[in-house]
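Values reported hereafter were calculated over all heavy atoms of this structure, with side chains retained and with hydrogens, waters and symmetry mates removed. Throughout, residue positions are numbered sequentially from 1 according to the sequence presented.
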Amino acid sequence: MPSNSVLEQKKAVVADLVEKIKKAQSGVLVQYQGITVENDTKMRAAFRKANVDYMVIKNTLIGRACDEVGYGAMKDKLNGMSAIAIGYDDPIAPAKIAKEFADKVETFEIKGGFLDNAVVDANTVNALADIPSREVLIARFLGSIQGPIRGLAVGLQAIIDKANGGEAAAE
């Protein structure tokens with residue numbers, strides 16, 4: 001039986017994880033087996049840059065935290081060597097970074113995650129990762145509304161030029 005100090009440490013880890021999950025917009029559960037130190041270092045740097053917490057924690061502790069938050073359905077995905085990436089600012093960032101490394105490393109696998117207070121499967125996480133970034137979506141939107149306005153401006157300018165050109169010829 002574990003000592004009281006070990007139990008207290010585990011309770012503190014679970015409590016910390018519960019708080020992080022509650023503050024998060026999204027999270028991704030991955031199997032990190034087989035990733036090299038070099039790739040792991042790059043991945044952790046990418047997560048840090050995107051304000052995503054990436055933690056390797058025992059499955060039982062992740063499971064307890066999920067139960068406390070109401071994500072008990074994630075416990076089915078807790079097998080093997082698990083890690084969790086929790087995003088605070090951008091709900092797509094954990095999925096994008098995890099998918100990038102899952103595509104590079106054959107044994108690194110996305111198991112599932114959570115988004116909008118619901119547990120999602122690996123296919124949903126992968127679909128989320130394929131969504132363009134906010135900046136790209138804004139640029140596409142602005143480009144799509146700029147086209148018709150630009151066409152109108154060019155058309156009006158052509159009418160003005162034709163009218164001015166007609167007056168110049170009459171003089």
Quick one: are [X] and [Y] in side-chain contact, heavy atoms under 4.5 Å?
{"X": "Ile138", "Y": "Glu135", "result": "no"}
{"X": "Leu61", "Y": "Leu17", "result": "no"}
{"X": "Lys49", "Y": "Ile97", "result": "no"}
{"X": "Leu128", "Y": "Ile131", "result": "yes"}

(message) Which Ile, Leu, Val, Met, Phe, Trp or Tyr residues join Leu152 in one cluster when any pair of side-chain heavy atoms under 4.5 Å counts as a link?
(response) Leu156
Single-linkage hydrophobic cluster [X]~[Y], side-chain heavy atoms < 4.5 angstrom:
{"X": "Leu137", "Y": "Ile92", "answer": "yes"}
{"X": "Phe108", "Y": "Ile86", "answer": "no"}
{"X": "Ile84", "Y": "Val105", "answer": "no"}
{"X": "Val18", "Y": "Leu78", "answer": "yes"}
{"X": "Met81", "Y": "Val125", "answer": "yes"}

Could you grab the distance from atom [atom1] of [X] to atom [atom2] of [Y], nearest 0.5 Å is fine?
{"X": "Lys20", "Y": "Met55", "atom1": "NZ", "atom2": "CE", "answer": "4.5 Å"}
{"X": "Asp16", "Y": "Ile21", "atom1": "CG", "atom2": "CD1", "answer": "10.0 Å"}
{"X": "Thr41", "Y": "Met43", "atom1": "OG1", "atom2": "CE", "answer": "9.0 Å"}
{"X": "Ile110", "Y": "Asp121", "atom1": "CD1", "atom2": "CG", "answer": "11.0 Å"}
{"X": "Thr60", "Y": "Lys75", "atom1": "OG1", "atom2": "NZ", "answer": "10.0 Å"}

Distance-only criterion, 3.5 Å: show the donor-acceptor pairs between side-chain atoms of residues 22-36 and protein atoms not counting sequence neighbours.
unit_1	atom_1	unit_2	atom_2	d
Gln25	NE2	Tyr88	O	3.2
Gln25	NE2	Asp89	O	3.2
Ser26	OG	Pro91	O	2.7
Gln31	NE2	Gln33	OE1	3.3
Thr36	OG1	Asn39	N	3.1

(message) Test: ring pair (Phe, Tyr, Trp, His ring centres under 6.0 Å). Region: residues 50-74. Which pairs qualify, not counting sequence neighbours?
(response) Phe47-Tyr54, Tyr71-Phe114
(message) Can you confirm whether the side chains of Asp161 and Gln157 place a donor and an acceptor under 3.5 Å from each other?
(response) yes
(message) Assess whether a salt bridge exists between Glu38 and Lys42, defined as any Lys/Arg side-chain N lying under 4.0 Å from an Asp/Glu carboxylate O.
(response) yes
(request) Could you tell me whether Glu100 and Lys104 have a side-chain N and a carboxylate O separated by less than 4.0 Å? (result) yes
(message) Looking at Asn59 and Gly80, would you say the former's side chain and the latter's main chain have a donor-acceptor pair under 3.5 Å?
(response) yes
(message) Tell me if the CZ atom of Arg150 is crowded by more than 12 foreign heavy atoms within 6.0 Å.
(response) no
